[in-house]
Amino acid sequence: MIAAENAAQALDRVEAEKMPDLLFTDIVMPGAMNGRDLAERLRQRWPTLKVLYTSGFSHGMLDAPLGTQ
C-alpha cells in the first residue's frame, strides 16, 4: 500500500513503481488535482488500472464518463 495526502504526492510516490492493483482515492482532495484527475493521469500510464472512488461529497465529479472531461 502506498499512501499519499494529495494527488501530486501520489503521483510522485508511484513514479518508479509497477502498476498498483487498485487506486483507492477520494474524489475531493486538497491541492490542484482531485481524485478523478489523479485516476485519469495514472490511467494514461496504466490503462487497465482499477479505480475505487470514495467521498462524502463529490461535487458532481463523476457525472460524465471517464476520459470526457
Side-chain angles (χ1 to χ4, degrees):
M1 179 172 66
I2 299 170
E5 293 183 21
N6 56 51
Q9 188 179 68
L11 289 173
D12 287 342
R13 291 189 176 179
V14 299
E15 176 96 16
E17 300 290 329
K18 63 179 183 165
M19 183 176 87
D21 294 323
L22 173 73
L23 171 63
F24 181 68
T25 183
D26 198 332
I27 295 170
V28 179
M29 299 177 8
M33 282 195 299
N34 60 47
R36 184 177 181 142
D37 296 334
L38 173 62
E40 289 188 356
R41 288 277 301 271
L42 291 177
R43 280 189 166 165
Q44 289 174 1
R45 180 174 176 188
W46 299 300
T48 61
L49 177 65
K50 294 176 184 165
V51 180
L52 176 61
Y53 295 100
T54 187
S55 192
F57 189 67
S58 65
H59 300 285
M61 295 302 299
L62 296 177
D63 290 344
L66 285 174
T68 61
Q69 290 186 334

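Excluded from the calculations below are hydrogen atoms, water molecules and symmetry mates; all remaining heavy atoms, backbone and side chain alike, are included.
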Heavy-atom neighbours of Arg41 CZ exceed 12 at 6.0 Å: no

Inter-residue atom distance Asn34.CG - Asn6.CG, 0.5 Å rounding: 12.0 Å

Euclidean distance, Leu23 CG relative to Leu52 CG, rounded to 0.5 Å: 8.5 Å

Throw together a table of side-chain donor-acceptor distances under 3.5 angstrom for residues 8-22, partners on residues two or more places apart or in other chains.
unit_1	atom_1	unit_2	atom_2	d
Gln9	OE1	Glu5	N	2.5
Arg13	NH1	Ala3	O	2.2

Remaining members of the apolar cluster that contains Met1, side-chain heavy atoms under 4.5 Å: none

Between CZ on residue Arg43 and CD on residue Glu40, distance to nearest 0.5 Å: 8.5 Å

Which residues share a side chain to side chain donor-acceptor pair (under 3.5 Å) with Asp26, sequence neighbours left out: Ser55

Common cluster, Met33/Phe24, ILVMFWY with side-chain heavy-atom separation under 4.5 Å: no

Closest non-hydrogen atom pair, Ala39 against Tyr53: CB-OH, 3.3 Å

